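Counting begins at 1 with the first residue of the sequence. This is a predicted model, so every value here is computed, not measured.
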Amino acid sequence: MTRSSDARDPIADRGRHAPGDAPSPMVTDSWRRSLAAGVDPGLASAPLVFDADMIAGVRRSHPLDRHLTMLREALRGMADASAHLMVVTDADGHVLWSEGPRTVRRRADRIGLAEGFRWAEDSVGTNGIGTALSVGGPVCIQATEHLVRVLHTWSCAAAPITDPDTGQVIGCVDISGTKSALHPAVVALAQAAARLTEAQLTVEMHRRDERLRARHLHRLRGDTRVLVTTTGRVLAADPDRWRDRRIVIPEAGRVTLPDGRSAIAEDLGSAFLLRTVESGRPSLKLRLLGDQQPCAVLDGRRIPLSLRHAELLALMALHPRGLTCEQSSFHLYGDEGNPVTVRAEIHRLRGQLGDVVRAKPYRLDCDVEADFLNVRRLLGSGNVAGAVRLYAGPLLPRSESKAIKIERDDLGNQLRRQLLHRGDVDDLWAYAQTGDDDLEILGRLAAALPPEDPRRVAAQLREHRVLSDG
């Protein structure tokens with residue numbers, strides 16, 4: 001979407017847009033952002049991003065989908081009575097749902113104020129939805145305050161919706177009408193609907209928090225430990241003084257606690273358990289599940305691993321007390337293994353990781369976290385949902401090592417048994433995303449998912465493909 005070469009600057013030429021009073025600083029700032037994004041004031045319509053076949057799936061996957069019924073009830077009476085259009089969007093300004101009198105909807109269709117169209121500022125300039133999302137607060141844009149001229153017959157009030165868990169804006173409520181101005185009650189209603197939705201999201205968040213506490217509270221014994229959500233909110237701590245704080249969980253490396261001490265984050269699938277570690281003691285994370293290149297993260301430094309080195313590190317993680325060179329060779333390669341080869345690989349591995357790799361016996365002298373061990377630990381505690389969300393795929397799938405094969409098969413079989421025994425639909429779907437075309441898993445999904453759920457069609461297609469290939 002580009003600005004017309006002959007379009008005059010609406011900021012410099014205010015009279016062309018709204019005679020009389022000067023625009024508010026908020027509106028002027030919005031015009032500047034819109035023009036900098038290349039929006040053409042002569043634009044005829046918002047852009048269509050999601051067609052009718054796609055919008056249902058987009059809406060279903062959005063966290064506001066289950067709250068649309070409540071939003072309809074909160075807004076519908078006013079809209080029906082006063083010729084307004086109600087709109088709910090996602091955080092990018094895509095209209096997920098709209099409703100209003102037929103005459104208003106017909107006019108809205110002409111400017112793209114309908115499901116699947118995008119109303120961000122960089123798409124259609126200053127407007128209630130896009131500007132509310134840009135400033136992160138409620139706005140009212142009246143008639144000629146819109147940058148795009150075709151919108152001058154519309155006025156709109158909008159308020160963003162913030163997820164209390166992440167603190168991020170996830171959508172917007174908008175009330176629009178073909179009027180030169182909106183009654184203050186309409187503006188208040190948009191804000192009230194957004195706050196009501198946030199209140200419901202908060203109730204859901206607290207319920208999730210209580211379930212996580214009930215499941216993991218027993219782990220807060222011993223040294224200083226903290227239970228943290230995947231979004232960084234502290235749910236429980238020993239001592240309890242850090243409740244309701246946020247702690248940044250880095251992708252790799254140590255975590256800094258509020259008192260400055262270092263901790264290691266153990267991934268529980270749906271939460272993290274932080275436990276303090278000795279000052280200066282190295283921290284090693286192993287990422288060995290799935291088809292991605294295996295890697296180690298040593299004190300925040302990512303180190304790609306060859307298959308041989310990944311096999312050795314997996315073996316040492318499985319045997320924390322250590323193994324001799326001969327034992328390592330046998331575990332990895334059986335009777336055909338050569339201890340000399342293992343010794344040479346250990347030497348190269350120490351060149352990458354330093355003194356955390358010890359000899360006589362071979363062991364890891366550091367705080368170790370391995371993704372495959374985390375999955376096994378979660379399965380052992382009955383947390384199948386957490387385990388399947390950590391399970392990126394089989395352990396080192398290219399490895400022909402004897403010990404790795406045994407661990408890989410045992411872990412995969414344990415996960416599959418628990419999934420089929422007590423996993424829900426979301427757990428089964430998460431497992432299917434690892435790429436394992438398991439006919440029984442796919443059949444369960446196809447039978448359990450409702451006909452309108454796009455995951456059901458995907459499961460049926462994959463099931464059909466596997467049967468055809470077989």
Report task. Applying side-chain hydrogen bond (donor to acceptor under 3.5 Å, both in side chains), run through Ser401 and Glu311 and close with a yes or a no. Result -> CA-CA 8 Å; Ser401 159; Glu311 291 170 341; 5.0 Å; no
Any chance you could measure [X], atom [atom1], to [Y], atom [atom2], to the nearest 0.5 Å?
X	Y	atom1	atom2	result
His62	Thr89	NE2	OG1	7.5 Å
Arg246	Thr166	CZ	OG1	7.0 Å
Leu313	Leu349	CG	CG	4.5 Å
Ile264	Arg225	CD1	CZ	11.0 Å
Ser328	Glu345	OG	CD	12.0 Å
Leu196	Leu71	CG	CG	7.0 Å

Can you name the residues that form a side-chain contact (heavy atoms from CB on, under 4.5 Å) with [X], not counting sequence neighbours?
X	result
His319	Leu315, Leu323, His331
Val457	Leu461
Pro320	none
Leu318	Phe372, Leu373, Glu407

Quick check: does any side chain N or O of [X] sit under 3.5 Å from a backbone N or O of [Y], one acting as donor and the other as acceptor?
X	Y	value
Arg358	Arg363	no
Trp119	Gly128	no
Ser329	Cys325	no
Arg408	Pro394	no
Arg59	Glu115	no
Asp299	Ser283	yes
Thr434	Ala430	no
Asn413	Asp409	yes
Arg389	Ala385	yes
Arg118	Asp92	yes

Sub-4.5 Å side-chain heavy-atom contact between [X] and [Y]:
X	Y	value
Leu212	Ser270	yes
Leu201	Ile170	yes
Val39	Val124	no
Glu369	Arg287	yes
Gln191	Val187	yes
Phe117	Ser123	no

Between [X] and [Y], is any side-chain donor less than 3.5 angstrom from a side-chain acceptor?
X	Y	value
Arg377	Asn374	yes
Asp174	Ser176	yes
Glu121	Ser134	yes

Ion pair [X]/[Y], N-O distance below 4.0 Å:
X	Y	result
Glu266	Lys285	no
Arg207	Glu204	no
Asp426	Arg455	yes
Asp165	Arg233	yes
Asp427	Arg422	no

[X] atom [atom1], neighbour heavy-atom count above 12 within 6.0 Å:
X	atom1	answer
His421	NE2	no
Asp291	CG	no
Arg398	CZ	no

Requested in this report: Pick out which of Leu379, Leu289, Leu419, Asp436 makes a side-chain contact (heavy atoms from CB on, under 4.5 Å) with Tyr391.
Outcome: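 Of Leu379, Leu289, Leu419, Asp436, side-chain contact (heavy atoms from CB on, under 4.5 Å) with Tyr391 is met by Leu289 alone.
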Query raised in the report: Asp371 and side-chain contact (heavy atoms from CB on, under 4.5 Å): which partner among Leu390, Asp267, Leu288?
Result: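 For Asp371, the side-chain contact (heavy atoms from CB on, under 4.5 Å) check succeeds only for Leu288.
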**Report entry** side chain to side chain contact (heavy atoms under 4.5 Å, CB included) evaluation trace for Val169 with Thr162
**Finding:** CA-CA 4 Å; Val169 171; Thr162 301; 3.9 Å; yes
**Report entry** Sequence neighbours excluded, every pair satisfying ring-ring contact (aromatic ring centres under 6.0 Å, His included) that has a member inside residues 346-367
**Finding:**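 Qualifying pairs, neighbours excluded: none.
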Query - Test: Arg308 cationic atom under 6.0 Å from Tyr333 six-membered ring centre, within 45° of axis - result: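 Geometry flag: set, cation within 6.0 Å and 45°.
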Query raised in the report: Sequence neighbours excluded, which residues qualify as ring-ring contact (aromatic ring centres under 6.0 Å, His included) partners of Phe50?
Result: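 Residues passing ring-ring contact (aromatic ring centres under 6.0 Å, His included) with Phe50: His94.
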